[in-house]
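Let me begin by presenting the structure, written as structure tokens, before commenting on it.
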Amino acid sequence: MQIPIIDFQPFIEGNLETRQAVAQQIYQACHEIGFMYLKNPGISSQQIEAIFTRSQFFFNLPLEVKQQLAWSDEISNRGYVGIERERLEPDKPGDLKEAFNVGKEVSSYNATPNIVINKWLPEQEDFQSEVLAFWYTCCQVADQVLQAFAIALQVPEDFFTTKHDQQNHTLRLLHYPPITQQPKPGQVSAGAHSDYGSITLLFQDRVGGLEVQARSGEWILAPAIPDTVVVNTGDLMQRWTNHVFCSTKHRVMIPTDERIMRSRYSIAFFCHPNHDAEIVCLPSCRRENSAIYPPISAGEHLLSRLQATY
Ligand SMILES: O=C(O)CCC(=O)C(=O)O
Ligand SMILES: [Fe+2]
């Protein structure tokens, strides 16, 4: 089993027929493995390089500075998450990674008790504007991918995008530091998990290390491929599609070669539908007119998943 590489350009630029053809390839990938590499996703390699440079800058800051932006709760889900803080596999020791979460930017002036704001470093406007620019680019890419999903699943082309128009997405910069101490028994870089939302866009540096579990149970390597972005389907998309699209487990293991001495960086963009979007089995995915899950609101689903890992 291999993770397919799909050229997305014909979807962005093409006519109805080429868009259908790309949507069909995406359907196949989501159905068989839940992961794909999208080539020509509509983000320049310069922009990707620039955000990785900013990420290195951020994680190189002293811990006390990063801790000023500490993640505080599942509802806001913003800010800095220190090493070992998150357990993607709840019965294992904490993951050997640190992360910085950014959500939709709202000015503090507009913040209300229900609206959470991002945590930024003082006097780092360049960092903030580059991260936010990347956030918006990812939103646009995600909208295109969600249109392809809609075509693939025979619902109106704007079916998923209208249910994501509040942009409840999270951009996550990730750093896996070099391993300098003996890890705890069972400890890994990112424990095996499936993502919670609808789709995830994932960018990784050349160090690689991502592994994806095929249906056979075998773990297959998903190395970085230049000029591509990894797209995978999350639990909510699996639920929406009655398991026609699969939400596949993936993990990052501690390297067993010289890469153990190196930092690894990756960037994930987790797409979440509007909190009040009702996730009800799609008509094209019903089998014998039945659905595996009852309807749930996207917000309720996300909160229950986040609470299990912190
Ligand atoms: O760092 C990676 O390559 C994977 C990260 C991941 O799967 C996640 O944060 O959900
Ligand atoms: Fe993940």
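Whatever order the structure lists them in is the order used to number ligands and atoms, beginning at 1.
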Please check whether Tyr176 reaches ligand 1 - meaning an N/O of the residue sits under 3.5 Å from an N/O of the ligand, judged on distance alone.
yes
| said: When you compare ligand 1 with Arg172, is there at least one nitrogen or oxygen pair between them that comes in under 3.5 angstrom? | reply: no
Could you check which N/O/S atom of Asp195 is closest to the Fe ion (ligand 2)?
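Going by distance to the Fe ion (ligand 2), the closest N, O or S atom in Asp195 is OD1.
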Closest heavy-atom pair, Ala190 versus Lys97, reported as atoms and distance to 0.1 Å, is CB-NZ, 4.4 Å
Smallest heavy-atom separation, Arg78 atom then Lys104 atom, equals NH1-O, 3.4 Å
For ligand 1, note which part of [X] has a heavy atom under 4.0 Å away: side chain, backbone, both or neither.
| X | value |
| --- | --- |
| Thr200 | neither |
| Leu202 | side chain |
| Ala268 | neither |

Q: Report yes or no: does Arg19 contribute a side-chain atom to a donor-acceptor pair with the main-chain N or O of Phe11 at less than 3.5 Å?
A: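 Answer holds: yes.
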With rounding to 10 degrees, His250 NE2, the Fe ion (ligand 2) and His193 NE2 define an angle of 90°
For His250, the ligand 1 atoms with a heavy-atom partner under 4.0 Å come out as 7 (O)
Quick note on ligand 1: atoms under 4.0 Å from a heavy atom of Phe270 include exactly 8 (C), 9 (O), 10 (O)
What I'd like to find out is whether the side chain of Gln144 reaches to under 4.5 Å of the side chain of Ile12, using heavy atoms alone.
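In contact.
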Closest to atom 3 (O) of ligand 1 (heavy atoms only, candidates Arg251, Glu211, Arg264) is Arg264
Open item on the list: Could you tell me if Thr137 and Gln47 have a donor-acceptor pair between their side chains, going purely by distance under 3.5 Å?
Closed with: yes
With a 6.0 Å cut-off on the ring centroids, do [X] and [Y] count as close?
| X | Y | result |
| --- | --- | --- |
| Tyr27 | Phe245 | yes |
| His250 | Phe35 | yes |
| Phe100 | Phe58 | yes |

Any atom of ligand 1 sitting under 4.0 Å from a heavy atom of His193?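 The answer is yes: ligand 1 sits under 4.0 Å from a heavy atom of His193.
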